[in-house]
Each structure stands twice: as C-alpha cells, then as structure tokens.
Amino acid sequence: MIANFLRPARGPAELAADALRGLGMFSVLIAVIWYAPTDAGILAFALPGLFGARFIGLRPAADISCCSILLIAAWSNVFDLYTRISWWDILIHVLCTGVLAAVLHSLAERRGVVASAEVTPTALTISITAAIGLALSALWEMVEWIGFVFITQDIYVTYHDTISDMAAGGFGAACAGIIVAKTSLIRADAVLPDLQKPAGSSAEDPSLHA
C-alpha cells in the first residue's frame, strides 16, 4: 500500500485528487490561524480519509468524490451549515457514509474479506455495503457523544438526531452498494496485500508434490 501512496499522479484527474489532499492540509493550517481549535481538529479529522484514499489506490473519480465529500463535510461544520440549513446534515450523512462504505467494501473485496461483486448477487452486495454504512454511522454517533460529553456541549446530540443520521447513513450506503455491485472503486494496478494467502507462501500446496 506504500507503493500506492508513493506512485506519481498520472493525468489531470489524479492530480486534482492530490490537490484536494493538499487543500485538506492547508485547511487545517487556516483553521489554526483564523478559526477555533475545535474547527482545526474537525478538519484534521478528515485527513486520514483524504490520505487513506491514496494508500488504497482509488480510481481517480472515486478518489476525487471521496476527498471532495470529506472536505465539504468538515468545512460545513466550520461554517455552521448543519444548523443553518435544516436538511444539510441529512444530505452529508447520506453522501459521506455512502462513499466511505463503498470504499471499504471495495477494499474488503480486493483483499478477499468478502466475495467479489462479480459472483455475488447484487442484493447481497448492497446489503453488505449498507451494513458497513450502518456500522460507520454508529461509530460516528459515538464519536459525537464523546465530543459532547468531554469536549464541548455545542455538539448537537439528541435521540432524534442520532437515529435520523444513522438512517441517512444506511440509505446512502445502500445506494452506494449499487455502484459497488457494478464496478470496483480501486485501480486494477493498486498494490494490496492478499489476506487469503500468507506473504511468502507459494501458489501451490506443497503437499501435492509429497
């Protein structure tokens, strides 16, 4: 996966994705200078996703989509869009959870954790992606609760908000599952360890030659 990260960008789309990663780092610096420390922390929270996309080796379109949505989600908090626009929170949960669930499903597929979408019924692929999205949504709601209890009570945490956010995330992930069922989001030349076979093992079973 290090090879994916160090691989030079090829073409305008890959350069655009790297530019978004640079914007993500610059955003943290801007927040440190002109905004509150919590804003800088929220923007920094998006960096693992931005750079993880390069480590995984996403296709350019998926890479740009992932980086763009994560940056929009982070900056929306800085500009208070979640409180200013009533439906914005739901929209971001749909998009953000959807793209992350799709990426994780594609990664799990390429590493042999789940069966390839080519041989799996579409309904099952959608269900697995939706399950990943619901798990991500639950994890995010826990993070929000921790932030509310230990950092600042400005974080909006209610039962209605939690359930609606998880429902939106599950819906977004299910929709993303349709895309995952049709195409892989990871480049064909991406270097990913194969979990089905230990490193250094031969392709054949030695016992066959005993």
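For the side chain to side chain contact (heavy atoms under 4.5 Å, CB included) criterion with S68, the lone passing option out of V99, L20, L23, L50 is L20. The residue from I92, I90, D161 that alone fulfils the side chain to side chain contact (heavy atoms under 4.5 Å, CB included) condition with Y82 is I92.
Nearest heavy-atom pair, P48 versus A44, reported as atom, atom and distance to 0.1 Å: CD-O, 3.4 Å. Summarising the geometry of I64 relative to A16, their closest heavy-atom pair is CD1-CB, 4.1 Å, with the distance given to 0.1 Å. The heavy-atom pair separating V32 from A40 by the smallest distance is CG2-CB, 3.7 Å. Contact record, I56 with A190: O-CB, 3.7 Å, taken as the closest heavy-atom pair. Contact detail for A117 and V180: the closest heavy-atom pair is CB-O, 3.7 Å. When all heavy atoms of A176 and A102 are compared, the closest pair comes out as CB-CB, 3.9 Å.
A continuous path of ILVMFWY side-chain contacts below 4.5 Å connects V28 to L71, so both sit in one hydrophobic cluster. Connection of L124 to I126 is not established within any shared hydrophobic cluster, with ILVMFWY side chains joined at heavy-atom distances below 4.5 Å, either directly or through further cluster members. In this structure, L100 is a member of the same hydrophobic cluster as I69, with clusters built from ILVMFWY side-chain heavy atoms closer than 4.5 Å. By the rule that hydrophobic residues join a cluster once side-chain heavy atoms approach within less than 4.5 Å of another member, V157 and Y159 end up as members of separate clusters. By the rule that hydrophobic residues join a cluster once side-chain heavy atoms approach within less than 4.5 Å of another member, I42 and W88 end up as members of separate clusters.
Side-chain atoms of D189 and R7, non-hydrogen and from C-beta on, do get closer than 4.5 Å to each other. Residues I178 and T122 form no side-chain contact, since every pair of their non-hydrogen atoms from C-beta on lies 4.5 Å or further apart. Between V143 and F45 the shortest side-chain heavy-atom distance falls below 4.5 Å. Annotation: side chain of I30 is in contact with side chain of W75 (closest heavy-atom distance under 4.5 Å). Looking at W140 and E144, their side chains come closer than 4.5 Å, going by heavy atoms from C-beta outward. Within the 4.5 Å cutoff, the side chain of F55 has no heavy atoms near those of the L107 side chain. Considering only heavy atoms from C-beta on, M25 stays 4.5 Å or farther from L29 through its side chain. Between L104 and L136 there is a side-chain heavy-atom pair separated by less than 4.5 Å.
Salt bridge annotation for R21-D63: present, with a cationic side-chain nitrogen under 4.0 angstrom from a carboxylate oxygen.
For the atom pair F171 CZ and S137 OG, the distance stands at 13.0 Å (nearest 0.5 Å). In this structure, SG in C67 is found 10.5 Å from CG in L47, a value given to the nearest 0.5 Å. Here CD1 of I179 is found 13.0 Å from OG1 of T125. Values are rounded to the nearest 0.5 Å. Residue L43 holds its CG atom at 11.5 Å from CG of L70, rounded to the nearest 0.5 Å. For the atom pair L81 CG and S86 OG, the distance stands at 12.0 Å (nearest 0.5 Å). Here the straight-line distance linking atom OG of S127 with atom CG of L134 works out to 10.5 Å at 0.5 Å rounding.
More than 12 heavy atoms of other residues, nucleotides or ligands lie within 6.0 Å of CZ in F79, so this atom counts as buried by the packing criterion. Enclosure of atom CZ in F51 by more than 12 non-hydrogen atoms of other residues, nucleotides or ligands within 6.0 angstrom is indicated.
In terms of modelled atom types and a separation under 3.5 Å, the side chain of R110 and the main chain of L185 share no donor-acceptor contact.
By the side-chain hydrogen bond (donor to acceptor under 3.5 Å, both in side chains) test, D80 pairs with no residue at all, sequence neighbours left out.
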**Prompt:** When you look at R54 and N4, which way does the side chain to side chain contact (heavy atoms under 4.5 Å, CB included) test go after all the steps?
**Reply:** CA-CA 6 Å; R54 205 182 209 291; N4 298 328; over 6 Å; no
**side chain to side chain contact (heavy atoms under 4.5 Å, CB included) assessment of R187 paired with E14** = CA-CA 12 Å; R187 297 192 323 269; E14 292 188 9; 4.0 Å; yes
